[in-house]
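Order of the sequence lines sets the chain letters (A, B, ...), proteins ahead of strands, with each chain counted from 1. Because only heavy atoms are used, hydrogens play no part in the values below, and waters and symmetry mates are left out as well, while side chains stay in.
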Number of protein chains: 2
Amino acid sequence: MSDQHRIGGNKQSQKPVLTPVSHVACSKCGLGKLCIPASMDAPDVSKLEMIVHKSRPLQSGEFLYRVGDRFADIYAVRSGCFKTFVVDAAGREQVLGFHLPGELLGLEAIYQGINISNAEALGTSSVCRLHYDDVTRLSQQVPELQAHMFRLLSQRISELSAAAADHTADERMAEFLLSLAARFKERGYSSKEFNLAMSRADIANYLRLATETVSRVLARFQKKKLIRVERKLVELLDKDALSRLAGSTNESNTTLGAL
Amino acid sequence: MSDQHRIGGNKQSQKPVLTPVSHVACSKCGLGKLCIPASMDAPDVSKLEMIVHKSRPLQSGEFLYRVGDRFADIYAVRSGCFKTFVVDAAGREQVLGFHLPGELLGLEAIYQGINISNAEALGTSSVCRLHYDDVTRLSQQVPELQAHMFRLLSQRISELSAAAADHTADERMAEFLLSLAARFKERGYSSKEFNLAMSRADIANYLRLATETVSRVLARFQKKKLIRVERKLVELLDKDALSRLAGSTNESNTTLGAL
DNA sequence: CGGCAAATTGAGGAAAGTCAATCATAGTGG
DNA sequence: CCACTATGATTGACTTTCCTCAATTTGCCG
């Protein structure tokens, strides 16, 4: 709850526990359908690829962008994990979301033309960079891309709406774990076992809980045999029970369950 | 916290306390720059007007759309006020936002193609209806409209991000009041005095507080001479103090401040 | 091996929630 | 026209959840 300004200073080597599967994909990103509309045909895909820029990997703690930066690019996570957060006048940090490979970053800056949040790498991570102007220009030519952008923006709205709910610590934690599981699954990783790229403090902040509460809830879940936690590694032992805890709106619906 | 399914059954006659000013505007909507990109020229504006459908006014308690409805339209509030909300598996309602004249509704449904929230009129209200297909089609032809849509979606993301913050009851209430004030001002109404279209219960739910807490906080604010409340009518007596309470990120920035 | 940061665990306190009673207002019907 | 009733708002007393503070413990990296 304090040192959000360190740059670098990695601690844990964060590697996916499980193997990704391949998608129909953007050759540069390797992200597949998550960043490319499924309905786009080959020529359009190659147009999209032309505006995608690979960028160097970021070390843990490095910022992709900061509050106040002029907005020019949006990003797709290639590997690793990012957290986005704001710092209010009182210096308190608020984590707004965690962003896994295939997910977009920077969308909230479009409105004001200035970044209103910070994005920090959690573990070594890399992104694809897209100039926003290129994206809008190409969206004019490729209806599928425009539609995709609308959907992605709408998706983020859905996620944030889901996160807005006033739930207990147990509910929020269950929702969080299931959300991660769903998103890992979508990306071809195991939805049963995964690494938490973020610290307990970040999870706590994101869920509007105290760090200690996160520890306690995880301990309680483990005692109830719902999960197994070992440091960063989490295994979901009883998803059904977790779903019930979460309020069970989490079966068919991929977007619900807080980010 | 219970009877969200009543249709009709108005109670209070909700009238703006103050007079709106005129904007450059869509003739059908009368909404001005809020629903029309400022940069659009006359021919483009008339194209936009062609896809706008005025619809009959809704009575208090009537739903504009419901969870599960197939998504086909987005809406711009013409008059009155709407609340959007979800109901979770346990039957608990969660208010996601209040929507004033000039603001858009239904954006979160784009992603899934199905409405994931309910929109209910608070007091007699009316909307402009836009077929989403028309909007996307026209956005292909009119770059300014596409840009505007991106901005609007991004704006909603900003708003929800701001609402995500973990603040105290006093902070949340101050933010809420200031947000309303800013939005009324933007629309040409007084930012000092306005009517709350929504019940205490709705405010409480939106702010993740108990109804009683909302009452108590408002009473406390009044005792401290920060505001004057009389039923639905609110007058802001000391905006600076409220801003300080809110965390004071609320001067220049129109989008921050919950909702 | 030492030192540091993160995580866990325990004890006590505070903010907000719940339950319950009262008050006020607006709409209803005699 | 006015009493009556229902609904929403307020106020008070008590409870609960989660936070805060503090003390360890654990694991990691030099």
In whole angstrom, what separates [X]'s [atom1] from [N]'s [atom2]?
X	N	atom1	atom2	answer
B/Leu233	D/dA9	CG	C1'	16 Å
A/Lys223	C/dT9	NZ	P	9 Å
A/Asp166	C/dA15	CG	P	18 Å
B/Leu209	D/dT17	CG	P	18 Å
B/Met198	D/dA9	CE	P	12 Å
A/Asn205	D/dC18	CG	C1'	15 Å
A/Ile203	C/dA7	CD1	C1'	11 Å
A/Leu196	C/dA6	CG	P	15 Å

Does [X] pair with [Y] as a salt bridge, N-O distance under 4.0 Å?
X	Y	result
A/Arg172	A/Glu175	no
B/Lys83	B/Glu93	yes
A/Glu159	A/Arg156	yes

(message) If you define the side chain from C-beta out and look only at heavy atoms, does anything of B/Arg78 sit under 4.5 Å from B/Val127?
(response) no
[X], nearest nucleotide to its side chain (from [options]):
X	options	result
A/Ala210	D/dT20, C/dA16, C/dT8	D/dT20
B/Thr211	C/dT8, D/dT10, C/dG17	D/dT10
A/Ser215	C/dT8, C/dG17, D/dA9	C/dT8
B/Arg200	D/dT10, D/dC19, C/dA16	D/dT10
A/Thr168	D/dC18, C/dA16, D/dT10	D/dC18

Kindly give the atom pairs (protein nitrogen or oxygen, nucleotide nitrogen or oxygen) under 3.5 Å for nucleotides 21-27 of chain D.
from: D/dC21; atom 1: N4; to: A/Glu212; atom 2: OE2; distance (Å): 2.9

(request) Could you check whether the rings of B/Phe176 and B/Tyr206 sit parallel, tilted or perpendicular, using 30° and 60° as the cut-offs? (result) tilted
(request) First locate atom CD of A/Glu108, then atom OG1 of A/Thr84, and finally report the distance between them rounded to the nearest 0.5 Å. (result) 6.0 Å
(request) Look at the side-chain N and O atoms of B/Lys232 and state whether any lies under 4.0 Å from the OP1 or OP2 oxygen of D/dA9. (result) yes
(message) If you assign B/His167 and A/Leu218 each to the DNA chain C nucleotide with the nearest heavy atom, which residue ends up on the more 5' nucleotide?
(response) A/Leu218
(request) With DNA chain D as reference, determine whether A/Arg208 or B/Thr213 sits nearer its 5' end, using the nearest nucleotide of each. (result) B/Thr213
(request) Could you tell me whether B/Phe194 and B/Tyr189 have their ring centroids closer than 6.0 angstrom? (result) no
